[in-house]
Amino acid sequence: QVQLVESGGGLVQPGGSLRLSCAASGSIVSIHVMGWYRQAPGKQRELVATIRTAGMTTYADSVKGRFIISRDNAKNTVALQMNSLRPEDTAVYYCYADRVRLNNGVIRFDDWGQGTQVTVSS
């Protein structure tokens, strides 16, 4: 089993910053991709940013230049620094992990956290 636990959500004013963190736990040897998705009310879940083991990153166009994703491979954690937040960034943010190798040799695909609410409002 793999558990992803997010933290750091909350209410922030437009133009403000928040930092989300996610820790993966379980009998983990490695995680190929970690990242963040978000889902706003009435909308589909969408990619925010991902980062691979070697550090290659992908960002949604809507967050490029404002959000920064980082990870600590040794600790199996991923963080999302969100700057210049806008009301349209309001959503539940989900931590994501793909191709998680466990110490029993099993490789897991598409693990998700429970989500953390981010609200951008004055």
Side-chain angles (χ1 to χ4, degrees):
Q1 287 284 358
V2 173
Q3 188 174 20
L4 302 176
V5 178
E6 303 103 333
S7 61
L11 172 65
V12 64
Q13 292 187 341
S17 298
L18 276 177
R19 182 176 178 85
L20 303 182
S21 298
C22 173
S25 62
S27 302
I28 298 171
V29 173
S30 62
I31 304 175
H32 183 53
V33 181
M34 298 191 78
W36 296 90
Y37 284 69
R38 67 187 181 187
Q39 188 166 17
K43 295 187 177 181
Q44 289 187 332
R45 191 173 297 189
E46 64 176 5
L47 168 74
V48 177
T50 62
I51 183 167
R52 297 177 184 264
T53 308
M56 187 176 75
T57 58
T58 302
Y59 292 94
D61 288 342
S62 60
V63 307
K64 283 180 180 177
R66 300 188 297 123
F67 291 10
I68 301 172
I69 190 170
S70 61
R71 67 184 284 179
D72 184 326
N73 293 330
K75 296 181 179 179
N76 293 322
T77 59
V78 63
L80 185 69
Q81 177 66 41
M82 304 185 293
N83 302 316
S84 302
L85 282 160
R86 304 167 180 168
E88 53 264 39
D89 295 317
T90 295
V92 177
Y93 284 69
Y94 295 92
C95 182
Y96 169 78
D98 189 35
R99 279 166 280 175
V100 180
R101 182 180 297 275
L102 304 180
N103 62 8
N104 61 3
V106 170
I107 298 176
R108 294 176 57 89
F109 299 88
D110 296 336
D111 278 301
W112 295 91
Q114 292 298 307
T116 184
Q117 177 71 44
V118 171
T119 303
V120 184
S121 175
S122 54

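By convention here, the first residue in the shown sequence is residue 1. All of these numbers come straight from a predicted model, not from anything done at the bench. Hydrogens, waters and symmetry mates play no part in the numbers below; they use all other heavy atoms, side chains included.
Taking all atoms of both residues into account, the shortest heavy-atom contact from A91 to Q117 is O-NE2, 3.4 Å. The two residues A49 and L80 make their nearest non-hydrogen contact at CB-CD1, 4.3 Å. Summarising the geometry of R45 relative to Y37, their closest heavy-atom pair is CG-CB, 3.8 Å, with the distance given to 0.1 Å. Contact detail for P14 and S121: the closest heavy-atom pair is CD-C, 3.6 Å. Nearest heavy atom pair, residue S17 against residue S84, reads OG-N, 4.4 Å.
Rounded to the nearest 0.5 angstrom, D72 CG and M34 CE are separated by 10.0 Å. In this structure, Y94 OH and L47 CG are separated by 15.0 Å, a value rounded to the nearest 0.5 Å. Going from atom CZ of R38 over to atom NZ of K43 covers 8.5 Å, rounded to the nearest 0.5 Å. Here CD of Q39 is found 9.5 Å from CD of E46. Values are rounded to the nearest 0.5 Å. Rounded to the nearest 0.5 angstrom, C22 SG and I69 CD1 are separated by 9.5 Å. Remark: T119 OG1 to L85 CG distance equals 10.5 Å, nearest 0.5 Å.
Put simply, V63 and I68 are part of the same group of oily side chains (I, L, V, M, F, W, Y) that touch within less than 4.5 Å, one to the next.
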Inset, instruction - Please assess M56 against T50 for the test side chain to side chain contact (heavy atoms under 4.5 Å, CB included), listing each intermediate value before the final yes or no. - result: CA-CA 8 Å; M56 187 176 75; T50 62; over 6 Å; no
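Y93 and F67 have tilted rings, their planes meeting at an angle from 30° to 60° on a 0 to 90° scale.
The shortest distance between side-chain heavy atoms of L4 and E6 does not fall below 4.5 Å. Using a 4.5 Å heavy-atom cutoff, the side chains of V33 and R99 are in contact. In this structure the side chain of M82 reaches within 4.5 angstrom of the side chain of L20, judged on heavy atoms. With contacts defined as side-chain heavy-atom distances shorter than 4.5 Å, the pair V78/C95 qualifies. Contact annotation: the side chain of V100 never approaches that of I107 to less than 4.5 Å [non-hydrogen atoms, C-beta and beyond].
In terms of modelled atom types and a separation under 3.5 Å, the side chain of T53 and the main chain of I31 share a donor-acceptor contact.
A side chain to side chain contact (heavy atoms under 4.5 Å, CB included) with V120 is found for one member of L18, L11, V12 and no other, namely V12. Remark: of the listed residues W112, W36, F109, W112 is the sole one forming a ring-ring contact (aromatic ring centres under 6.0 Å, His included) with Y96.
Atom CZ of R101 is surrounded by 12 or fewer heavy atoms from other residues, nucleotides or ligands within 6.0 Å. Heavy-atom contacts from other residues, nucleotides or ligands closer than 6.0 Å to CD of E88 number more than 12.
Between R86 and D89 there is no salt bridge, since no side-chain nitrogen of the basic residue lies less than 4.0 Å from a carboxylate oxygen of the acidic one.
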